[in-house]
Amino acid sequence: MAAALLANTLYSLGFVLEKRALSSLPEVTVRQPARLLRLVIGSPLWIGGSLSLAAGFGAQLVVYRTLPIAAAQGIFVSGLVLLVLLSARLLGEETSGRERYALAAILAALLMVVLSLREGSESVSQGAPYPLILLVCVPSLAAGVWLYNSAERRTRHRHRLPTTGVEYGVAVGLLYGVSSLAIKGVSSYLTTSGLGGALLDLLRSPYPYLLLFTGAFGLVMSQAALQRCRASLIVPVCTTVTCLYTAVLGTLSFGEALPEDPLRLALRVAGTALAVAVLLSMPRHDRRPAPASPQPPIGAKELTPP
């Protein structure tokens, strides 16, 4: 539990620092990844955010060795509250009433998942068949890249309303969901003895290569999306998709049993369903600001109609 809360703090701080750094950089795009990387690496504030995210990754490895996947994802969602607070304080982002209700509903979903847990009664799986992992992950990666490209094409239309970033968040969330499954797989190879053999077995598995792919594409896609959209909206959407993806498909892939008690099972299923419903109800577009009325030049006389 402590490691999960630490991971939440590090991830929220990392995203906010990266968003603040991107706000002062020229516009970046996924079509110019080399230029994007050159710009962000030259920003000390962005480097600080990326180091915070890397530390959160380390804390996440510890979590996956001690908690079932579904339980871990439920706790990770609690980081959304801290993210919204940091976004308001450090970025000046304001959330609408509808978005605040959505966050409250997500927290209610989190509470349902947490209440469905019983200490010591759930097993933590340490492995999954490689063909099953690839069968789950490869189509998800393709869907994430396709959805992101579709969102990019729509935002290039001049007369469309500005996007809130929901599509971007879902696309990046799918990539990070695959990354989360890969992190779970890597955690099963962590050992204090036989380090050489464990490393060799890890390299024979698909997990490090899934991490490399999602790390490279997720970095470029998330930075371009963060620069265009509010962190207080795109990151919660991304986090919700990642958590749902990992909790549902990860539980099935790694063979972790659901609660046998009907009440706890109902709480976990209801929490997951509530989070999905909130995600589907999120607004897709921001309202255009009302155009400011032009001010007459200083010293000009106001004309009175006859």
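Predicted model only: the values in this text are computed from it and were never measured.
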- When rounded to the nearest 0.5 angstrom, what is the spacing between CG in Leu25 and CG in Leu36? 9.0 Å

- Message: Let me confirm one number: the CD1-NZ distance from Ile234 to Lys19, rounded to the nearest 0.5 Å.
- Response: 8.5 Å

- Query: Which atom names give the shortest non-hydrogen contact between Ala3 and Val62, and what distance separates them?
  - Reply: CB-CG1, 4.1 Å

- Message: Using a strict threshold of under 4.0 Å (side-chain N to carboxylate O), is an ion pair present between Arg35 and Glu27?
- Response: no

- Message: Within this structure, what is the OG-CG distance for the pair Ser179 and Leu210, rounded to the nearest 0.5 Å?
- Response: 9.0 Å

- Could you please spell out the steps behind the side chain to side chain contact (heavy atoms under 4.5 Å, CB included) verdict for Val136 and Tyr245? CA-CA 10 Å; Val136 168; Tyr245 180 95; 3.5 Å; yes

- Polar side chain donor-acceptor pair, Tyr168 to Glu152, under 3.5 angstrom: yes

- Which atom of Leu10 lies closest to which atom of Gly56, heavy atoms considered: CD1-N, 3.5 Å

- Note on the structure: Which of Leu45, Leu22, Ile47 passes side chain to side chain contact (heavy atoms under 4.5 Å, CB included) with Leu17? Answer is Leu45

- Are Val220 and Val28 close enough that some pair of their side-chain heavy atoms sits under 4.5 Å apart? no

- Gln227 and Ser23: CA distance, side-chain angles, deciding distance, side chain to side chain contact (heavy atoms under 4.5 Å, CB included) verdict: CA-CA 6 Å; Gln227 191 181 57; Ser23 300; over 6 Å; no

- Message: If I compare all heavy atoms of Tyr130 with all of Arg204, which pair ends up nearest, and what's the gap?
- Response: CE1-O, 4.3 Å

- Message: Under the criterion side chain to side chain contact (heavy atoms under 4.5 Å, CB included), I'd like the reasoning laid out for Ser12 against Val16: C-alpha separation, chi angles, the key distance, then a yes or no.
- Response: CA-CA 6 Å; Ser12 298; Val16 169; 5.6 Å; no

- Query: After noting the C-alpha distance and the side-chain angles of Tyr209 and Phe213, does the key distance pass the ring pair (Phe, Tyr, Trp, His ring centres under 6.0 Å) rule?
  - Reply: CA-CA 6 Å; Tyr209 312 106; Phe213 182 90; over 10 Å; no

- Item | Ile41 with Leu39, same ILVMFWY side-chain cluster at under 4.5 Å | yes

- Closest non-hydrogen atoms of Ala108 and Leu274, given as atom of the first, atom of the second and distance, are CB-CD2, 4.1 Å

- Query: Side-chain heavy atoms under 4.5 angstrom apart, residues restricted to Ile, Leu, Val, Met, Phe, Trp, Tyr: same cluster for Leu51 and Leu226?
  - Reply: yes

- May I ask you to decide if Trp46's main-chain N or O and Ser43's side chain share a donor-acceptor pair within less than 3.5 Å? yes

- Task: Look at the rings of Tyr176 and Phe15 and say which category their plane angle falls in: under 30° parallel, 30 to 60° tilted, over 60° perpendicular.
- Result: tilted

- Task: Group every Ile, Leu, Val, Met, Phe, Trp and Tyr by side-chain heavy-atom contacts under 4.5 Å, then state whether Leu134 and Ile183 land in the same group.
- Result: no

- Any link between Val138 and Val145 through a network of hydrophobic side chains (Ile, Leu, Val, Met, Phe, Trp, Tyr) touching at under 4.5 Å? no

- Query: What are the two closest non-hydrogen atoms of Val30 and Ala224, and how far apart are they?
  - Reply: CG1-CB, 4.1 Å

- Query: Looking only at heavy atoms, which two atoms of Ala151 and Glu167 are closest? And how far apart?
  - Reply: CB-CB, 3.8 Å

- Could you give the distance from OG1 (Thr242) to CG (Leu175), rounded to the nearest 0.5 Å? 9.0 Å

- Task: Quick one: pull up SG in Cys238 and CE in Met221 and give me the separation to the nearest 0.5 Å.
- Result: 9.5 Å

- Query: Roughly how far, to the nearest 0.5 Å, is OG of Ser180 from CG of Leu249?
  - Reply: 11.0 Å

- Message: Applying a strict under-4.5 Å side-chain criterion to I, L, V, M, F, W and Y, I'd like to know whether Leu147 and Val172 cluster together.
- Response: yes

- Task: Given side chain to side chain contact (heavy atoms under 4.5 Å, CB included), test Phe217 with Tyr148 step by step and report yes or no.
- Result: CA-CA 11 Å; Phe217 277 80; Tyr148 192 95; over 6 Å; no

